[in-house]
Amino acid sequence: MILGEKIQQLRKNNNLSQEQLAEQISVSRQSISKWELSESIPDINKIVQLSKVFQVSTDYLLLDDIDSEMCIPAVKNDRELIKKQYNLKTLFAVCTGISIIGLFMSFVALFTWATMLSHSVGMIVQIISYIIFESISIRYTTENERKIIRKHFYAINVWLISPIPVIYFSEVFANRVEYEIYLLCTVMVYFIFCGVITLILRRKTKKNQID
């Protein structure tokens, strides 16, 4: 597709008349008509203006063998990267959401049935969400990018999967101290454990980004 055909097609795609396009780039309607009929060609400044109006690259306008923006490697790669980043963020959010649901199930079980089996169902749901994240995230990232996103993911999710194990661990001392002290110790252990893990993961993430 030659330049004139591209200008005409893009003008129509943007619902612009020749007069309207001419007004936007400060030329006459006759100039637009001549460009579209390939009787003359716009100078480089007008090419740049046209690319801004139509939101396409100058390469797309100037190179006859490029019929679509997607044929330009840089554009194609950028769009693929944006798509991958969107998919990865969606995966991150969905898996974290599933983990939150698993945590909610565990707490419901804790205050309803109070059995190890009932608590385990919620934790199994959380573990499944992490397996899903690990198995799918590899499709959207390079090895180094995956290391970084995994650290971000687990820096958040360590806070979601830790409460039930910490509660069970603390129950060893439940009968030896007053309830208020037991509760305070449980909360402290939870925050110290998760805080240390999060700090380690974030430091490693910064190191990976520098490398």
Side-chain angles (χ1 to χ4, degrees), residues 55 70 74-211:
Q55 295 186 338
M70 291 302 294
V75 173
K76 185 174 181 181
N77 290 339
D78 285 346
R79 289 183 180 176
E80 286 179 354
L81 179 60
I82 291 169
K83 185 178 179 181
K84 284 183 177 181
Q85 289 175 340
Y86 174 78
N87 290 338
L88 190 58
K89 288 178 181 178
T90 302
L91 177 66
F92 191 113
V94 168
C95 290
T96 301
I98 294 172
S99 183
I100 292 171
I101 292 170
L103 177 62
F104 177 74
M105 290 171 65
S106 293
F107 274 116
V108 169
L110 178 65
F111 295 109
T112 306
W113 298 287
T115 64
M116 178 67 78
L117 180 61
S118 59
H119 301 163
S120 300
V121 173
M123 292 194 68
I124 289 170
V125 170
Q126 291 181 299
I127 291 168
I128 288 172
S129 75
Y130 305 148
I131 293 171
I132 292 171
F133 179 81
E134 289 290 341
S135 59
I136 298 179
S137 64
I138 195 170
R139 301 179 189 177
Y140 303 124
T141 56
T142 63
E143 185 177 348
N144 191 54
E145 287 172 340
R146 187 162 178 262
K147 287 179 181 178
I148 293 171
I149 197 68
R150 285 176 76 243
K151 289 180 176 70
H152 281 301
F153 180 75
Y154 289 113
I156 293 172
N157 279 270
V158 68
W159 295 86
L160 301 176
I161 200 169
S162 298
I164 299 302
V166 169
I167 289 170
Y168 269 108
F169 173 77
S170 299
E171 281 185 354
V172 175
F173 308 98
N175 298 324
R176 302 179 186 178
V177 295
E178 293 181 6
Y179 178 76
E180 291 77 9
I181 297 175
Y182 156 73
L183 188 62
L184 178 61
C185 290
T186 301
V187 172
M188 287 178 61
V189 168
Y190 171 71
F191 277 98
I192 291 171
F193 174 75
C194 294
V196 169
I197 297 297
T198 301
L199 184 62
I200 291 170
L201 289 173
R202 286 188 174 175
R203 283 186 176 179
K204 286 189 175 182
T205 300
K206 288 181 181 179
K207 185 179 178 182
N208 282 126
Q209 289 173 333
I210 293 171
D211 293 341

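Computed from a predicted structure; not experimentally measured. Sequence positions, counted from 1, serve as the residue numbers for this chain.
- The distance from the CZ atom of R150 to the CD1 atom of I138 is 9.5 Å, given to the nearest 0.5 Å.
- Taking both residues in full, the closest heavy atoms of K151 and L201 are given as CD-O, 3.7 Å, listed atom of the first, atom of the second, then distance.
- For the pair T112 (side chain) and A109 (backbone), a donor-acceptor distance under 3.5 Å is absent.
- Summarising the geometry, atom CE belonging to M123 is positioned 8.0 Å from atom OG belonging to S162; distances are rounded to the nearest 0.5 Å.
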*Evaluate the side chain to side chain contact (heavy atoms under 4.5 Å, CB included) criterion for residues Y179 and L183: first the C-alpha distance (whole Å), next the side-chain angles of each, then the deciding distance (0.1 Å), finally the verdict.*
CA-CA 6 Å; Y179 178 76; L183 188 62; 4.2 Å; yes
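- The 12-atom threshold is not exceeded at CZ of F169, counting heavy atoms of other residues, nucleotides or ligands nearer than 6.0 Å.
- In terms of heavy-atom proximity, L103 sits nearest to P163 at CD1-CG, 3.8 Å.
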_Applying side chain to side chain contact (heavy atoms under 4.5 Å, CB included) to F133 and I98, what does each step give before you reach the verdict?_
CA-CA 11 Å; F133 179 81; I98 294 172; over 6 Å; no
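- Residues S106 and G122 come closest through the heavy atom pair OG-CA, 3.4 Å.
- Within the model, atoms CG of L184 and CD of E178 stand 12.0 Å from one another, a figure rounded to the nearest 0.5 Å.
- Closest of all the heavy-atom pairs between V189 and V166 is CG1-CG1, 3.9 Å.
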_I156/H152 under side chain to side chain contact (heavy atoms under 4.5 Å, CB included): CA gap, chis, key distance, verdict_ = CA-CA 7 Å; I156 293 172; H152 281 301; 5.9 Å; no
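- The side-chain heavy atoms of F153 and L91, taken from C-beta on, include no pair separated by under 4.5 Å.
- Nearest heavy atom pair, residue L160 against residue Q126, reads O-NE2, 2.8 Å.
- Using a 4.5 Å cut-off on side-chain heavy atoms (C-beta onward), Y190 and T186 make no contact.
- Side-chain contact check for T198 versus W159: some heavy-atom pair is nearer than 4.5 Å.
- Atom CD1 in I124 sits 9.0 Å away from atom CE in M105 (nearest 0.5 Å).
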*For side chain to side chain contact (heavy atoms under 4.5 Å, CB included), just list the numbers for F104 and I100, CA-CA rounded to whole Å, side-chain angles, deciding distance to a tenth of an Å, and then say yes or no.*
CA-CA 6 Å; F104 177 74; I100 292 171; 5.6 Å; no
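- A donor-acceptor contact under 3.5 angstrom links the side chains of S99 and Y130, judged on distance only.
- Closest non-hydrogen pair, Y154 versus E134, comes out as OH-OE2, 2.7 Å.
- For the atom pair CD1 (I131) and CD1 (I128), the distance works out to 6.5 Å, reported to the nearest 0.5 Å.
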